[in-house]
There are 2 protein chains.
Amino acid sequence: MVAVNQIPEAVIRRLPLYARVLRVLEARQETVSSRELGDWLGRRPAQVRKDLSYFGRFGKQGRGYNVERLLAELREILGLSRTWNMALVGVGRLGRAIVDYRGFAPEGFEVVACFDASPERVGKKAGKLVVQPMAEMGQTFKEKDIHIGLVAVPANQAQHVIDQLVAAGARGILNYAPMAPKVPSGILVRYVDPVRYLQSMTFHLKNEKGFGHRASLD
Amino acid sequence: MVAVNQIPEAVIRRLPLYARVLRVLEARQETVSSRELGDWLGRRPAQVRKDLSYFGRFGKQGRGYNVERLLAELREILGLSRTWNMALVGVGRLGRAIVDYRGFAPEGFEVVACFDASPERVGKKAGKLVVQPMAEMGQTFKEKDIHIGLVAVPANQAQHVIDQLVAAGARGILNYAPMAPKVPSGILVRYVDPVRYLQSMTFHLKNEKGFGHRASLD
DNA sequence: ATATGTGAATGGGTTCACAGCT
DNA sequence: AGCTGTGAACCCATTCACATAT
């Protein structure tokens, strides 16, 4: 157990994975050991224990962790015991797929507004939402208590859009554009970029061997 | 410069990012310094230089790196100077969005076959492709020289699908399902999981401070 | 003056190994 | 016996600092 600000970032990024496995286990068993949890993710038991120990002492020697309890703790730690409102910018093909994506809601994330710079798109529907002009962003962020922005515009527009999101009050940004924007420090950015994963994969595939390394979840 | 099998995985995962920035720079300048390249990605110049130095000596003291040359080298190193054929499993909403995704082709990745376990979907069209039954997977992988599988099925079916992909000959898997499958060692798996990124973001957003850390591309 | 390439130093993250609880 | 929690040891990755080249 340790001060919040000195928890390794690597640990924080694993917590959602633990939560995910626990969701599956919830239905079938009451307790889980660090070994079992680690097996699901290709991790060593010691790592699981140490990761969790940054936040508290959730286990019982000789028994393991109570699945339900641990899941609840993790959701609390990650800030998932509330709903997070998000705004999407860019309602092209990809944007539409994002609005329709069924994976957000069960985890407490909701797209509650969407914006596009193109006048032809403004006013049309995207899922249940009406596409708004960029100018309304600041206003809408306040009204709807939005803290996260999703960016699904072409790479060459992404920087400008992200600047606008930050100005509107976004503190976190999920960037689907294949580029690396500059943001003020304090703004969190994460990247969804399937091609990038493929490209680091082909390095290994190309060298017929070089295969020995663990297929872990990084 | 060093043997292929002892290049840090972390370095390999950054190479696609360098390539991406170089693509942008290509149009506007002939050379780039490690400082400038690093600035684009929120990295220190020394890291850029060391990363590249694992593969060769591409720079010139006093000048920097030739953009075009470096990009070509990286594409070669990553195995991107060829086309990679991929197969999609799961032609639901998400699967359809993946087939339609415009980001793969320009980088040399192509979805050349798609499969679904549901008989109602088999035989129907998905983009330009006809949805095939799972049983044809092995055959098609050989015929079409497929090495990468994309998984877009519900979490509870993903393990089974991935087993089938591996049996069919897939050596790399891009998993859109929110779960962590077990695979034989030697098979590469990468995860596209927007929710996971959101969940590690909310940890920081929740603790109003804890913001100091760099918004880098990990 | 400017910028690379790299050995050495530092820092962060993972794993070991064991005391201690059930 | 089985399993956690954790300091210490280890290993991998990043950064520094400087010799070297243009």
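Below, read A as the first sequence line, B as the second, and so on, with proteins coming before strands; counting in each chain starts at 1.
- Distance from the side chain of B:Lys50 is smallest for D:dT14 among the nucleotides D:dT14, D:dA21, D:dA13.
- Between D:dG2 and A:Arg35, no contact under 4.0 Å exists linking OP1 or OP2 to a side-chain N or O.
- Taking only side-chain atoms of B:Ala46, from C-beta outward, the nucleotide of D:dT22, D:dA17, C:dT4 with the closest atom is D:dA17.
- For the pair A:Asn66 CG and C:dT22 P, the computed distance is 16 Å after rounding to whole Å.
- Looking at B:Gln61, its side chain comes within 3.5 Å of the base of D:dT20 through a donor and an acceptor atom.
- In this structure a side-chain-to-backbone donor-acceptor pair under 3.5 Å is present from B:Trp84 to B:Gly79.
- Contact check on B:Arg190 versus B:Glu9 returns a salt bridge, with a Lys/Arg side-chain nitrogen under 4.0 Å from an Asp/Glu carboxylate oxygen.
- The side chain of B:Tyr65 contributes an N or O atom lying less than 4.0 Å from OP1 or OP2 of C:dG5.
- In this entry the distance linking CD of B:Glu9 with C1' of D:dC11 reads 16 Å, nearest Å.
- Counting any heavy atom pair closer than 4.0 Å across all strands shown, B:Arg49 reaches a base atom.
- Rounded to whole Å, atom P of C:dA3 lies 16 Å from atom CG of B:Leu70.
- For B:Arg14 and D:dT14, the shortest distance from a side-chain N or O to OP1 or OP2 is below 4.0 Å.
- In this structure, the CG atom of A:Asp51 is 7 Å from the P atom of C:dT14, given to the nearest Å.
- B:Arg75 places a side-chain N or O within 3.5 Å of a backbone atom of B:Leu80 that can act as its donor or acceptor partner.
- With a 6.0 Å radius and a threshold of 12 heavy atoms from other residues, nucleotides or ligands, A:Glu68 has its CD atom at or below the threshold.
- Checked by atom type and distance alone, the side chain of B:Gln29 pairs as donor or acceptor with a backbone atom of B:Thr31 at under 3.5 Å.
- In this structure, the CD atom of B:Gln47 is 14 Å from the P atom of C:dT4, given to the nearest Å.
- A straight line from CD of B:Glu30 to P of C:dA3 spans 16 Å, rounded to a whole angstrom.
- Listed pair B:Arg57 / C:dT6 meets the phosphate criterion, a side-chain N or O lying under 4.0 Å from OP1 or OP2.
- Here C:dT14 is the nucleotide among D:dT6, D:dC3, C:dT14 with the atom lying nearest to any side-chain atom of A:Ala10.
- In terms of phosphate contacts, B:Ser34 brings a side-chain nitrogen or oxygen within less than 4.0 Å of OP1 or OP2 of C:dT4.
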